[in-house]
Amino acid sequence: CIDGNNLAIEVIVVDDGSTDNTRQKIMDSYPGWTQYPARDGFSLKKNGKIIRFVVQANGGAPSARNNGMNHCSGRYIKFLDSDDFLITGALETEFKTAEMLGSQALLTGWILLYLDRHGNEISRQNVDAPDLANGIDDMLDGKGPCASAGFYLRKSISHLRWDESITKAQDWMWAWTVCLDGVEFSRLDIPSSCYLQYAGEDRITQQGNPALRSTEARLNILKKVQTRLTENNQLTPARAAKLAQYYYKDARVLCENNRAQWDRLYKRIHQLAPAYRVKENSRLVQMFLKVFGLHKGIVYYVWVKSIVKKMLP
């Protein structure tokens, strides 16, 4: 939470049922700060600075972020996960820019930082701030931000909540939630945070089949988006075609795991946009679609692909 002309910062740490003694580690990291007990944690204060430590039973990242929002009192809110860190001076720059623009939601860029198991940098990638000036249509063009890229005016989003049913692609769901509510986005094309990724790490969000889980999550989100756009009479033919393309990309992944899922999604695509024409980069897939049509073309393509895969050493 950020407030005031002098950039008074309130840090809210939500402990989502951790088992690594996080509470003591935080207390040890801030010697000389005065501790004030609270019903669900404690606060550390020193020279007008506040760190609030909130404890909750394990409920997942969206639940933790929602709980953090419940404890916010500042003018602006910025979300950071345990694998994010701020770039020096970012908050002051975001604050001044948001105040100057009168921004409801300011989006910045970010840095993807790849590290080895020992914490040594392997590579880094700068990601530009997404331009969501056109809201829904920009989101449908795939321009959603990561969670740490947003700098939100609290009163613009205080009534919104992270969807706790979403376990993957949570940043995308949140961006859709804000966008569908009509919040206006502005843009500052500098990186404000780093997102850390460790080579070969065994993350909770990567257990099982990551590609399949991500696909299923995106399809769940797309259903929610389609429902909301339909309810608000905002589902134009152009938007329906873009949604259909999203459905198609993920449905093709699911077809390799479950033919019945592809059948259901094909029907949804056809009902959503009967005149939809697939955008496909693979020439081989294009050939199958041209010969057999969308429904059978993907089925036959996946079937042939599986046979070839079995034949290869």
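- The side-chain heavy atoms of D81 and R65, taken from C-beta on, include a pair separated by under 4.5 Å.
- In the hydrophobic clustering of ILVMFWY residues, with side-chain heavy atoms under 4.5 Å counting as a link, V253 and L243 come out apart.
- L294 is listed as a side-chain neighbour of L289, based on a closest heavy-atom distance under 4.5 Å.
- Within 6.0 Å of CD in Q35 there are more than 12 heavy atoms belonging to other residues, nucleotides or ligands.
- We find that R187 and D131 are not joined by a salt bridge, their nearest charged nitrogen and carboxylate oxygen being 4.0 Å or further apart.
- At distances below 3.5 Å, not a single donor-acceptor pair connects side-chain atoms of R259 with backbone N or O atoms of V299.
- Put simply, the side chain of F42 reaches to within 4.5 Å of the side chain of M27, judged on heavy atoms.
- Counting heavy atoms of neighbouring residues, nucleotides and ligands inside a 6.0 Å radius, atom NZ of K249 does not exceed 12 of them.
- The heavy-atom pair separating R218 from A169 by the smallest distance is CG-CB, 4.4 Å.
- A side chain to side chain contact (heavy atoms under 4.5 Å, CB included) with Y114 holds for exactly one of Q197, E121, R124; it is Q197.
- Looking at D189, its side chain does come within 3.5 Å of a backbone N or O of A129 through a donor-acceptor pair.
- No single ILVMFWY cluster, assembled from side-chain heavy atoms under 4.5 Å apart, contains both I50 and M69.
- Distance check, rounded to the nearest 0.5 Å: OG of S306 to CD of E256 gives 8.5 Å.
- Here the NZ atom belonging to K45 is positioned 12.0 Å from the CD1 atom belonging to I51, to the nearest 0.5 angstrom.
- L80 is not connected to I111 by any chain of hydrophobic side-chain contacts under 4.5 Å among Ile, Leu, Val, Met, Phe, Trp and Tyr, and they are in different clusters.
- W262 contributes atom CH2, which lies 10.0 Å from atom CG of L254 (distance to the nearest 0.5 angstrom).
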- Give the intermediate values and the outcome of side-chain contact (heavy atoms from CB on, under 4.5 Å) for residues V14 and H71. CA-CA 10 Å; V14 181; H71 286 78; over 6 Å; no
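- Here the options are L272, T227, V225, the test is side chain to side chain contact (heavy atoms under 4.5 Å, CB included), and the partner is L235; only L272 passes.
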- Query: Does the pair E216 and Q261 meet the rule for a side-chain contact (heavy atoms from CB on, under 4.5 Å), with working shown?
  - Reply: CA-CA 10 Å; E216 292 172 341; Q261 287 180 306; 4.1 Å; yes
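- Here the closest heavy-atom approach between residue G32 and residue K46 is recorded as O-CD, 4.0 Å.
- When T93, I77, L188, L91 are each tested for a side chain to side chain contact (heavy atoms under 4.5 Å, CB included) with F151, only one passes: L91.
- Relative orientation of the W174 and W162 rings is parallel, given thresholds of 30° and 60° on the angle between their planes.
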- Item | Verdict with supporting geometry, R239 and D137, side-chain contact (heavy atoms from CB on, under 4.5 Å) | CA-CA 7 Å; R239 289 173 176 173; D137 295 303; 2.9 Å; yes
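- Counting non-hydrogen atoms of other residues, nucleotides and ligands closer than 6.0 Å to NE2 of H118 gives a total of 12 or fewer.
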- Verdict with supporting geometry, V11 and F53, side-chain contact (heavy atoms from CB on, under 4.5 Å): CA-CA 8 Å; V11 177; F53 185 79; over 6 Å; no
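- For an aromatic pair to be called close, the ring centres must be under 6.0 Å apart, and Y246 with W172 satisfies this.
- W110 places none of its side-chain heavy atoms less than 4.5 Å from the side chain of D84.
- Looking at L284 and Y301, their side chains come closer than 4.5 Å, going by heavy atoms from C-beta outward.
- Considering every non-hydrogen atom in both V285 and Y248, the closest pair reads CG1-OH, 3.6 Å.
- The backbone N or O of E280 lies less than 3.5 Å from no partner atom in the side chain of R283, so there is not a single donor-acceptor pair.
- Taking CE of M139 as the start and CG of L180 as the end, the distance is 8.0 Å to the nearest 0.5 Å.
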- Task: Go through Y76 and E94 one step at a time and tell me if the side-chain hydrogen bond (donor to acceptor under 3.5 Å, both in side chains) criterion holds.
- Result: CA-CA 10 Å; Y76 293 94; E94 289 175 296; over 6 Å; no
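- Taking both residues in full, the closest heavy atoms of Y276 and I269 are given as CD2-CG2, 3.7 Å, listed atom of the first, atom of the second, then distance.
- Neither I26 nor Y36 shares a network with the other; the hydrophobic side chains, linked directly or stepwise wherever heavy atoms of I, L, V, M, F, W or Y lie under 4.5 Å apart, form separate groups for each.
- To the nearest 0.5 Å, atoms NZ (K242) and CG (L222) are separated by 13.5 Å.
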- Task: Verify salt bridge (Lys or Arg N to Asp or Glu O under 4.0 Å) between D263 and K267, making sure each step is shown before the conclusion.
- Result: CA-CA 6 Å; D263 292 338; K267 291 179 181 178; over 6 Å; no
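- Residues V278 and I298 share a single hydrophobic cluster, defined by chaining ILVMFWY side chains whose heavy atoms lie under 4.5 Å apart.
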- Take Q226 and R268 through the side-chain hydrogen bond (donor to acceptor under 3.5 Å, both in side chains) test and state the conclusion after the steps. CA-CA 11 Å; Q226 181 182 345; R268 185 182 302 166; 5.2 Å; no
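- Checking S192 against K78 by side-chain atom types alone, a donor-acceptor pair falls below 3.5 Å.
- Between the D116 side chain and the N120 main chain, a donor and an acceptor come within less than 3.5 Å of each other.
- Of all heavy-atom pairs spanning V178 and F185, the tightest one is CG1-CZ, 3.6 Å.
- Under the 3.5 Å distance criterion, the side-chain polar atoms of D171 are matched with a main-chain donor or acceptor of A147.
- Summarising the geometry, atom OG belonging to S43 is positioned 8.0 Å from atom CD belonging to E10; distances are rounded to the nearest 0.5 Å.
- Annotation: side chain of Q56 is in contact with side chain of D16 (closest heavy-atom distance under 4.5 Å).
- G182 and Q104 get closest at one heavy-atom pair: O-OE1, 4.3 Å.
- Counting heavy atoms from C-beta on, the side chains of K25 and S18 never come closer than 4.5 Å.
- Contact annotation: the side chain of T236 never approaches that of L229 to less than 4.5 Å [non-hydrogen atoms, C-beta and beyond].
- Classification of the Y266-H295 ring pair by plane angle, with boundaries at 30° and 60°, yields parallel.
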